[in-house]
2 protein chains.
Amino acid sequence: MSTPERLIESTRELLWERGYVGTSPKAIQEHAGAGQGSMYHHFKGKPDLALAAIRRTAEEMRATAEGVLSSPGSPYERIEAYLRRERDVLRGCPVGRLTMDPDVIASDELRAPVDETIDWLRERLAGIVEEGKEQGQFAPTLDAEEIAATILATVQGGYVLARASGSPAAFDTGVRGLLALLSPLR
Amino acid sequence: MSTPERLIESTRELLWERGYVGTSPKAIQEHAGAGQGSMYHHFKGKPDLALAAIRRTAEEMRATAEGVLSSPGSPYERIEAYLRRERDVLRGCPVGRLTMDPDVIASDELRAPVDETIDWLRERLAGIVEEGKEQGQFAPTLDAEEIAATILATVQGGYVLARASGSPAAFDTGVRGLLALLSPLR
DNA sequence: GTCTATAATTAGATAGAC
DNA sequence: GTCTATCTAATTATAGAC
């Protein structure tokens, strides 16, 4: 892997684990096996490198979600597949965790990829819920945008519950509750 | 206010805004108007002070939640009151945000108050859902523990959506979706 | 109890040799 | 492109005077 590549990938991992505030250029350099001069040659500084890392993480998450959401099956089944998809629950969401970072939120540039990804996901889910309403799988009284926000919030909040308790179980419990509420059988 | 008090209150505010990793002893001292020597006289160091701050924040959150959840009304109404209670949405949850802090999660002592508070809240909500099932307000097929986890996750995740978009609206949208799914009328 | 002095380490970056 | 040297400020303390 090229040096810029290693720097970006290292930044992605450290951002996921320690957030922006908790990630120092030195730590990135050590993790990437690159010198200081090398880092500042390829990137303007920490924000520049973080932006590249965040953009890539956001892109990847979107691709993963699209893969699950566009799979065959009924709207309910696709939402279930998204909710039950394998996740590294205790590591948290690599995109969502950035919203708790004061420096990311303070920068419009760094926040943009986060905002866009979550917004895209919400719209994508809303479309599927709408489909489900048309097919009679979901009650016509439900608001697709609202349900989409609830689904996303349950996932993002599930990470919080799991990390608080130190076990992925809490995530799954919350997901099962939501699926029960959404279930077309009830 | 006494110096230790001011130090604890300052730490609480900074932890809420910048997290543990992003909060320096110096920032705490400046915010509290206390000198360095003063801080190290009253507390062993940053972790000791943070523990006092986190414990108090957890206690306060529990008291606030109990106030809303023990108010008169049906189970659904009390859950609705909890979900709709006034919040400083864009600041995030002062307890939940700590779960994204690597140093808090790495320390059993610092994580304990967070874990206990969230766990207590989940049990408290589960009891109310159970009540609702007994009264026929919620379907008997629902699992109270699961629904409680979903409610808490929706709240915690709502903060994430709101901070990503920079607007409290996303929080409210997710809450409305959940209330629609829980509604005894549907 | 509070203050100042001191100190080892890191953060975040620039300059310039190679 | 990568490296080392250098720099300013901040971090997280400890020591000891007042």
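Chain A is the first sequence line, chain B the second, and so forth, proteins listed ahead of strands; every chain is numbered from 1. All of these numbers come straight from a predicted model, not from anything done at the bench.
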Note to self: Need one value for A:G37: base, sugar-phosphate or nothing, where a base atom within 4.0 Å counts as base even if backbone is also close, heavy atoms only.
What the structure shows: base
Item checked: Cluster link B:L110 to B:L49, ILVMFWY, side chain under 4.5 Å -> no
Notebook entry, point to check: Expressed in angstrom and rounded to an integer, what is the separation of B:K44 atom NZ from D:dT14 atom C1'?
Noted result: 16 Å
Next item on the list: For side chain to side chain contact (heavy atoms under 4.5 Å, CB included), just list the numbers for B:Y20 and B:K46, CA-CA rounded to whole Å, side-chain angles, deciding distance to a tenth of an Å, and then say yes or no.
Entry: CA-CA 9 Å; B:Y20 182 88; B:K46 179 177 165 178; 3.6 Å; yes
Check: So which of residues 9-34 of chain A are in contact with DNA chain D, with a heavy-atom cut-off of under 4.0 Å?
Finding: none
Notebook entry, point to check: Tell me: OH of A:Y40 to P of D:dT4, nearest whole Å?
Noted result: 16 Å
Item checked: Shared hydrophobic cluster for A:L15 and A:I105 (ILVMFWY, side-chain gaps under 4.5 Å) -> no
Margin query: Whole angstroms only, please: what is the NE2-P distance between B:H42 and D:dT14?
Written below: 16 Å
Next item on the list: Whole angstrom is fine here: how far is it from CG in B:D48 over to C1' in D:dA13?
Entry: 14 Å
Item checked: Pair B:E9 + B:R12: basic N to acidic O under 4.0 Å -> yes
Next item on the list: Report the end-to-end axis angle of the helix from C:dG1-D:dC18 to C:dC18-D:dG1; each axis comes from five terminal pairs, and the value is rounded to 10°.
Entry: 0°
Next item on the list: Would you please name every residue forming a salt bridge (Lys or Arg N to Asp or Glu O under 4.0 Å) with B:R18, sequence neighbours left out?
Entry: A:D103
Next item on the list: May I have the distance from B:H41 (atom NE2) to D:dA15 (atom C1'), rounded to whole angstrom?
Entry: 15 Å
Margin query: For A:R176, I'd like to know if atom CZ has over 12 heavy atoms of other residues, nucleotides or ligands within 6.0 Å.
Written below: yes
Item checked: Atom pair CZ/CD1 of B:R111 and B:I118 - distance to nearest 0.5 Å -> 10.5 Å
Margin query: How about CD on A:E109, more than 12 heavy atoms from neighbouring residues, nucleotides or ligands closer than 6.0 Å, or not?
Written below: no
Item checked: Ion pair B:R56/B:E5, N-O distance below 4.0 Å -> yes
Checklist line | Set of side chain to side chain contact (heavy atoms under 4.5 Å, CB included) partners for A:S70, sequence neighbours left out | finding: A:E66, A:R124
Item checked: Pairing residues for A:F138 by the ring pair (Phe, Tyr, Trp, His ring centres under 6.0 Å) criterion, not counting sequence neighbours -> none
Checklist line | Leading and trailing nucleotides of DNA chain C with any atom under 4.0 Å from heavy atoms of chain A | finding: C:dT10 to C:dT14
